[in-house]
J.: 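Below is a structure I'd like to ask you about.
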Amino acid sequence: MLQVYLEEIVLYKLPFVTAAIFFVGLFYRIYKYLSVKLRVFPVFPKASKSGLEKLFEYFSDVFLFKTIFSSDKFLWVLSWLFHVSLFVILLGHLRMFLGIKVDENFTSFLGMLLGVIFLLTLLSLLVRRVAKLRVISTAEDYFALILLLSVAISGMYLRLNDVSLDGYLLSLISGEKIVVGSSALVVHALLAQILVAYLPFGKLFHSIGVFHSNYLVRWKNARVRSSVREVR
Amino acid sequence: MPESAALCVRCGNCLENCHIYLSTGEWKHAPPNRLKILRKKADFVAFECNGCRRCTVFCPFSVEVSAYVSRARREIKNEAKALVELVEIQLEKGRNFEKHKQMYEAAIRFLEKKHNVKIPLNKKAEILFVPLQGEHTIIPAAKLFNLAKEDWTLSYFEASNFAFFLGDMELAKKVSERIFREAEGLNAEKIIVTECGHAYRVFKMFWREWFGRDFEILNIVEVAADYLEKGIVEVKGSLTEPVTYHDPCQAARNSGLIEEPRRVIENFSEDFREMRPNKERNFCCGGGGGLVAIPEMKDFRMIAGKKKAEQIKETEAKYVLTICENCRTQLKDLREHYNLNYEVSGVVELLSKFI
């Protein structure tokens, strides 16, 4: 009885609260982020370039992590694989929300592969933080990593036991409730919702902010019109 | 700029790239911790930073640590008494101009006789040359201009802007305004700045925004490179000893002056050696951000310059050239502190010995 009740709350009531917290939180955070005004310094005058080059710089920094590549190859491999596998896994979840059918062999292979990559890189990042970065790490850094780790492990558990999320995620959109009959799924759903609700408020906000900070540096300020060399 | 510090994920990419954290290893000097402190309150740690912006270059989110440093410095500027006094002296020269003018003119006439060069003063001219205190910033440039038969005149004010180091942009504008009015009064079109990192940055990167007028801003090194290329100035003889060049943060990373000094050096040096890393990724000498002008910071400067001393030692250079007065002082102090053996000189200053 209790389990049915919990399932109902976590799977069909809480998602609306989570979504509300996420969107309201995101608006609030973006507003706060933009409203702090510090002096703008003209940034890196060497970057005065044509529009196409600026576009290339922007995307290679946002999506290929060029800055990290230029100074720490090991960190680059870790962080790039980490982010890309996370991104594709999220796309996989989006597919299930929208009910798009893809060959099952393919999804289970890709899901397994990316899950393993994600878990391994996540663990390495955690080890790296403990071993090398204790001097700058805060409680939040560990919290975010451990939360991600718990979501990943519970997700991997579903994948290994062939528990499908398709029906449940689709039912969230269509509104026709189904009986999932797996407590592991409930745990995964709960942890994932904590992650989503937390995203706008902590360091995970960098996933949104990176687009703006790079826009400022690689695009808006990547020119010095006052430069005499351009006038000449 | 919005609250960019909020994007710091403490990935640690900046740790190995901050010369101060590398040499002190102290908690508060790691750039993410510096941010954490300065976001909350203005702490003296703001003066324990050279504002070289190297961490920003290596930050995936380009978090502008120097903006937080500037903001904190403005709030606690009285903790750097030496800088506040220097600003006051600079502004006083503008207020009591007649008195300053007489003394300055006498000094320049003395220099003219001593070096047998003509130095025009108070003359309507195309070029206004802004020097620093000290004849090494005036004489080499005067020789170059006279050789090229330029229509130039010397500024009554020094290029440096100590208010900029205090993070007080309003005050920095006031200090610059003296030169701006002078340039307008003399109908100058070009302003040529002597070898000084932060001054060049202030002129080049801030003047347009402050005064809304486009002067052509050049550094004396750019001018020298141009003269050499056009054959206006010819080099006689050359230097066989190993030479290296230190990129001042404010000139290279923060204002884009990178290739010109190298082009000048290659004209008189047979053995030019680059430091690693170099150009816009060069390490700061440890004296930047006005620390050279604060006597109490001497010990800290010497620790902060450890990385630079190692870099110089690796090149085995006998001449370390640079285009910044701050860096020059610091490089000379580092030489004594780390028992190294090299000569420190400005690029144009050394060039003038070969023409």
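Below, all heavy atoms of this structure are taken into account, side chains as well, without hydrogens, waters or symmetry copies.
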J.: Once rounded to the nearest 0.5 Å, what's the spacing between atom CH2 of B:Trp27 and atom CD1 of A:Ile136?
T.: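 Answer for the CH2-CD1 pair, B:Trp27 versus A:Ile136, is 11.0 Å.
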J.: With a 3.5 Å distance limit and no angle check, can you tell me whether B:Asn33 reaches the backbone of A:Val135 through a side-chain donor-acceptor pair?
T.: yes
J.: Do you know the tightest heavy-atom contact between B:Val9 and A:Asp141?
T.: O-OD1, 4.1 Å
J.: Kindly check if the number of other-residue, nucleotide or ligand heavy atoms within 6.0 Å of NZ (B:Lys40) is above 12?
T.: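 12 or below, so no.
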J.: Given the options B:Lys190, B:Arg281, B:Glu16, which has more heavy-atom pairs under 4.5 Å with chain A than any of the others?
T.: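 Max contact count across the listed options: B:Arg281.
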J.: Within the 4.5 Å heavy-atom criterion, are A:Asp72 and B:Phe58 side-chain neighbours or not?
T.: no
J.: Tell me the closest heavy-atom pair linking B:Leu7 and A:Ser213, and the distance in Å.
T.: CD1-CB, 3.6 Å
J.: Nearest heavy-atom pair of A:Leu133 and B:Cys11: which atoms, and what distance?
T.: CD1-O, 3.4 Å
J.: Quick check on A:Leu91: does its CG atom have over 12 non-hydrogen neighbours (other residues, nucleotides or ligands) under 6.0 Å away?
T.: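 For A:Leu91, atom CG is crowded (more than 12 foreign heavy atoms under 6.0 Å).
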J.: Give a yes or no on whether A:Phe27 atom CZ has more than 12 heavy-atom contacts from other residues, nucleotides or ligands under 6.0 Å away.
T.: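 Open.
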J.: Tell me, yes or no, whether the heavy-atom count around A:Trp80 atom CH2, taken from other residues, nucleotides or ligands under 6.0 Å, exceeds 12.
T.: no
J.: Of all of B:Cys59, B:Ala30, B:Cys8, which one pairs up most often with chain A through heavy atoms under 4.5 Å apart?
T.: B:Cys59
J.: Given a strict heavy-atom distance threshold of 4.5 Å, which part of B:Tyr21 is in contact with chain A: side chain, backbone, both, or neither?
T.: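 Contact with chain A is through the side chain of B:Tyr21 alone.
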J.: Contact part of B:Arg10 toward chain A, heavy-atom cut-off under 4.5 Å: side chain, backbone, both or neither?
T.: both
J.: May I ask you to list the residues in residues 195-207 of chain A that approach chain B closer than 4.5 angstrom, counting heavy atoms only, ordered by number?
T.: A:Lys203, A:Phe205, A:His206
J.: Closest approach of A:Ser71 and B:Asn17, non-hydrogen atoms and distance?
T.: OG-ND2, 3.9 Å
J.: For the OH atom on A:Tyr157, are there more than 12 heavy atoms of other groups (residues, nucleotides or ligands in this structure) within a distance under 6.0 Å?
T.: no
J.: Report the distance from atom CG of A:Asp61 to atom OG of B:Ser62, rounding to the nearest 0.5 Å.
T.: 6.5 Å
J.: More than 12 foreign heavy atoms under 6.0 Å from OH of A:Tyr28: is that the case here?
T.: no
J.: Please walk me through it: do B:Lys36 and A:Thr138 pass side chain to side chain contact (heavy atoms under 4.5 Å, CB included)?
T.: CA-CA 10 Å; B:Lys36 207 185 299 169; A:Thr138 62; 3.3 Å; yes
J.: Taking all non-hydrogen atoms of both residues, which atom of B:Ala6 and which atom of A:Arg29 are closest, and how far apart?
T.: CB-NH2, 3.4 Å
